[in-house]
Amino acid sequence: MKHIETQTLPSLGHAEVRIIAHTPEAARAVAEALRHCFAGTEQRSYPGLDGDTRLHLTVDTATPAGTGAHSDET
C-alpha cells in the first residue's frame, strides 16, 4: 500500500520520522534507538488503520543526542 503525504518540509537540519509497527513496543524501540543518535522532539503516537501503531517524531540531524535544546536526555 503506497501512501503519499502532502506536508511542508521540516526546518533545515531536521527530519520527520514516521514509524509504522505491529505493536506500540516495537515502534517505541525504534524511536528510542533514534534518540540515542539525534536530539529530538516528543514522539506522537496514533492508531493505524489496520490495528498497527504509527509513531511520528522530529529529529535534529545537526545536534547529537543529549546536547540540544530538544533532547529528551538529561
Side-chain angles (χ1 to χ4, degrees):
M1 175 179 181
K2 187 173 183 178
H3 177 73
I4 300 173
E5 287 189 30
T6 55
Q7 251 185 346
T8 58
L9 289 173
S11 60
L12 188 63
H14 290 77
E16 291 289 327
V17 179
R18 305 288 188 248
I19 302 165
I20 301 170
H22 282 287
T23 66
E25 293 79 14
R28 283 192 293 266
V30 172
E32 184 65 26
L34 286 170
R35 277 196 214 92
H36 284 288
C37 298
F38 304 107
T41 62
E42 192 65 32
Q43 63 196 30
R44 299 155 321 268
S45 180
Y46 307 94
L49 299 176
D50 299 321
D52 57 352
T53 296
R54 294 168 186 260
L55 193 142
H56 301 175
L57 67 150
T58 304
V59 294
D60 181 347
T61 61
T63 306
T67 61
H70 299 291
S71 176
D72 291 335
E73 305 280 328
T74 55

Review point. Cluster question for you: counting only ILVMFWY and a side-chain heavy-atom cut-off of under 4.5 Å, with indirect links fine, are I20 and L55 together?
Key: no

Check your understanding: When rounded to the nearest 0.5 angstrom, what distance separates CG in L57 from NE2 in H14?
Key -> 11.5 Å

Check your understanding: How close do G48 and R54 get, heavy atom to heavy atom, and via which atoms?
Key -> CA-NE, 3.5 Å

Check your understanding: Just by distance, with hydrogens left out, do Q43 and R35 show a side-chain donor and acceptor under 3.5 Å apart?
Key -> yes

Exercise for review: Kindly give the heavy-atom pair with the smallest separation between A31 and I19, and that separation in Å.
Suggested key: N-CD1, 3.8 Å

Exercise for review: Taking side chain to side chain contact (heavy atoms under 4.5 Å, CB included) as the test, write out the residues that go with A29, two or more places apart.
Suggested key: none

**Study point:** Which atom of T53 lies closest to which atom of S45, heavy atoms considered
**Key:** CG2-OG, 3.9 Å

Exercise for review: Output yes when a side-chain donor or acceptor of T61 lies under 3.5 Å from a complementary backbone atom of G13, and no otherwise.
Suggested key: yes

Point to revise | Non-neighbouring partners of T58 that pass side-chain hydrogen bond (donor to acceptor under 3.5 Å, both in side chains), sequence neighbours left out | key: E16

Point to revise | Minimal non-hydrogen separation, D52 against A21, with atom names | key: CB-O, 3.2 Å

Revision key, fill the gap. dist Y46:OH -> R18:CZ (nearest 0.5 Å) comes out at 7.5 Å

